[in-house]
Number of protein chains: 4
Amino acid sequence: MRGVNKVILIGNLGRDPDVQFLEGNIAVAKFSLATTETFKDRAGKLISQTEWHTVVLWRGLAELAQKYLHKGSLVYIEGRLRTRSWEDKEGNKKFATEVVGDNLVMLDKRMDLNNQDHPIAHHSGSGSGSGDNYSGLDIPPSLNEPADDLPF
Amino acid sequence: MRGVNKVILIGNLGRDPDVQFLEGNIAVAKFSLATTETFKDRAGKLISQTEWHTVVLWRGLAELAQKYLHKGSLVYIEGRLRTRSWEDKEGNKKFATEVVGDNLVMLDKRMDLNNQDHPIAHHSGSGSGSGDNYSGLDIPPSLNEPADDLPF
Amino acid sequence: MRGVNKVILIGNLGRDPDVQFLEGNIAVAKFSLATTETFKDRAGKLISQTEWHTVVLWRGLAELAQKYLHKGSLVYIEGRLRTRSWEDKEGNKKFATEVVGDNLVMLDKRMDLNNQDHPIAHHSGSGSGSGDNYSGLDIPPSLNEPADDLPF
Amino acid sequence: MRGVNKVILIGNLGRDPDVQFLEGNIAVAKFSLATTETFKDRAGKLISQTEWHTVVLWRGLAELAQKYLHKGSLVYIEGRLRTRSWEDKEGNKKFATEVVGDNLVMLDKRMDLNNQDHPIAHHSGSGSGSGDNYSGLDIPPSLNEPADDLPF
DNA sequence: TTTT
DNA sequence: TTTT
């Protein structure tokens with residue numbers, strides 16, 4: 001209660017997403033995302049800093065990732081932090097912090113504009129990226145209020 | 001597609017929320033929210049700057065607002081911007097930008113911790129804020145994945 | 001004090017930015033930004049909703065806008081809401097809500113990768129988008145801590 | 001360039017902050033923060049989920065943490081993710097993901113309202129928390145534009 | 001491991 | 001007025 005746990009990332013995939021299907025045919029996608037920020041240090045020198053994040057997507061978002069994302073894709077991810085812990089075979093306690101995505105926006109689909117036939121990278125062929133209803137890019141606010149009949 | 005429109009506010013209600021019910025018994029709440037930020041200007045002087053926002057909540061969130069929020073309440077609102085336009089009686093074009101909330105977190109309920117019986121302010125008596133299941137404070141990610149059986 | 005007023009947008013410029021210089025040679029840029037979100041309504045139908053925002057940038061960010069942004073540019077803007085009011089000549093009270101940007105990330109510069117010579121749109125010639133040091137894209141956290149000598 | 005790495009948290013400190021001073025008298029604070037989100041699972045059952053984060057603050061923010069934060073404090077933190085890795089004595093590779101805070105807003109100072117003399121917890125006495133100008137809570141946008149002489 |  |  002009374003908590004907020006929100007992450008917003010824009011970055012590039014380091015590899016193609018790893019997608020798996022659990023029982024019930026539930027898709028889960030996982031990939032590394034690099035966010036690079038540039039800023040000036042105290043001396044005014046330009047510093048570029050890259051951070052790697054593990055992103056996990058479920059269900060519909062995982063399926064979108066499978067269809068449209070690949071190594072190098074630029075994406076906006078909104079989600080929350082989750083830290084998992086376990087013991088490895090030697091009994092060492094391990095931790096991993098992941099970003100579980102609630103929303104995904106693809107930012108380089110625009111490539112298609114210039115170049116409909118050859119999406120920028122080695123998709124696995126399939127019928128991917130074309131067409132224009134990779135609907136649900138946003139899986140957003142399930143709020144859809146009645147039209148503009150606000151009584152104010 | 002490919003868009004993001006997100007607002008995050010923490011501030012205090014300027015008045016009790018105005019709640020109305022549309023056909024279908026759909027609740028809509030509206031209130032002014034003051035966000036005050038403090039920072040230093042170029043000269044190092046401390047500046048306090050208050051901005052007023054119009055917040056609109058629908059359905060369940062509007063009902064929570066009606067039950068638990070009042071003048072002075074401190075809240076976290078996450079939502080999106082929406083600008084409406086219309087003509088007033090004199091035919092002047094008018095604009096109003098509102099924040100339509102998708103998520104609400106009440107930040108001063110904690111009062112209850114110290115003082116279960118007298119929430120900090122003049123609630124309308126009702127069965128207000130006590131108890132600890134004013135559930136649904138967050139109306140968040142409808143993502144609920146299977147437990148920790150991630151195959152990675 | 002105790003307030004937050006934050007806006008995060010990803011969208012396209014409706015027109016080239018309008019850039020002006022105030023006394024002291026302070027740059028101010030202003031433009032309209034369209035954010036389009038797609039989601040399913042209660043009936044499962046795909047709805048696309050575009051919202052227009054007025055974005056204002058100051059100083060260095062305004063200069064970046066002047067150099068690199070144009071009609072159609074896809075950008076990430078982080079900023080805060082500010083509502084201004086005034087009276088027009090007829091004495092009508094007017095309001096305008098703007099997003100004052102604190103951070104700007106250009107999301108389609110990538111165009112340059114494919115096509116160094118013809119940025120996607122009619123830049124004003126100048127020495128625009130090429131080169132790779134349109135530094136300061138991010139004008140971010142002026143926090144730059146000492147290297148990784150954290151004592152924990 | 002072209003990246004965003006942003007985290008927004010609202011939660012409670014699990015313990016008093018651990019504050020240290022590095023050479024140059026640079027303060028660094030570190031603490032665990034619990035964010036609890038409540039939502040309904042697929043079956044409509046109310047689920048409460050707590051996530052623990054490691055938060056690191058530098059310089060002025062660390063000093064504020066030292067003065068005003070303690071076990072149980074409710075805070076808003078805005079920052080970015082940083083993952084550090086190292087090898088422990090046994091040569092095992094270890095990872096730790098932290099939230100490096102760029103902004104801090106204290107959300108329960110209001111306690112003072114009800115109870116000026118006994119802030120909710122064992123402060124180190126110092127006369128701190130009272131008064132109402134623990135200014136600089138926000139250390140925000142170093143943008144401070146000239147007053148409202150926008151030429152638009 | 002990405003990207004500029 | 002943008003973009004898909």
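Note that the structure is predicted; figures quoted are calculated from it, not measured. We name chains A, B, ... by the order of the sequence lines, and we start the count at 1 in each one.
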I want to check something: taking the side chain as every heavy atom from C-beta on, are C/His53 and C/Leu9 in contact at a cut-off of under 4.5 Å?
yes
Side chain proximity check, C/Ile10 to A/Tyr76, heavy atoms < 4.5 angstrom:
yes
Would you indicate which nucleotide in E/dT1, F/dT2, E/dT3 comes nearest to any side-chain atom of C/Asn12?
F/dT2
Which of E/dT2, E/dT4, F/dT2 is nearest the side chain of A/Thr50? It is E/dT2
Need one value for A/Thr35: base, sugar-phosphate or nothing, where a base atom within 4.0 Å counts as base even if backbone is also close, heavy atoms only.
nothing
Quickly work out the [X] [atom1] to [N] [atom2] distance and round it to whole Å.
| X | N | atom1 | atom2 | answer |
| --- | --- | --- | --- | --- |
| A/Lys71 | E/dT3 | NZ | C1' | 12 Å |
| A/Leu107 | E/dT4 | CG | P | 13 Å |
| A/Leu69 | E/dT2 | CG | C1' | 13 Å |
| B/Arg2 | F/dT4 | CZ | P | 5 Å |
| C/Asp16 | F/dT2 | CG | P | 12 Å |
| C/Leu104 | E/dT4 | CG | P | 17 Å |
| C/Leu74 | F/dT4 | CG | P | 9 Å |
| B/Asn5 | F/dT4 | CG | P | 19 Å |

Taking side-chain hydrogen bond (donor to acceptor under 3.5 Å, both in side chains) as the test, write out the residues that go with B/Thr97, two or more places apart.
B/Thr83
Are the ring of C/Trp52 and the base ring of F/dT2 both nearer than 5.5 Å at their centres and tilted by less than 30°?
no
Sorted by chain and residue number, the salt bridge (charged side-chain N to carboxylate O under 4.0 Å, His left out) partners of D/Glu78 (sequence neighbours excluded) come out as C/Lys6, D/Lys6
Could you check whether the side chain of A/Thr36 and the base of E/dT4 have a donor-acceptor pair of N or O atoms closer than 3.5 Å, going by distance alone?
no
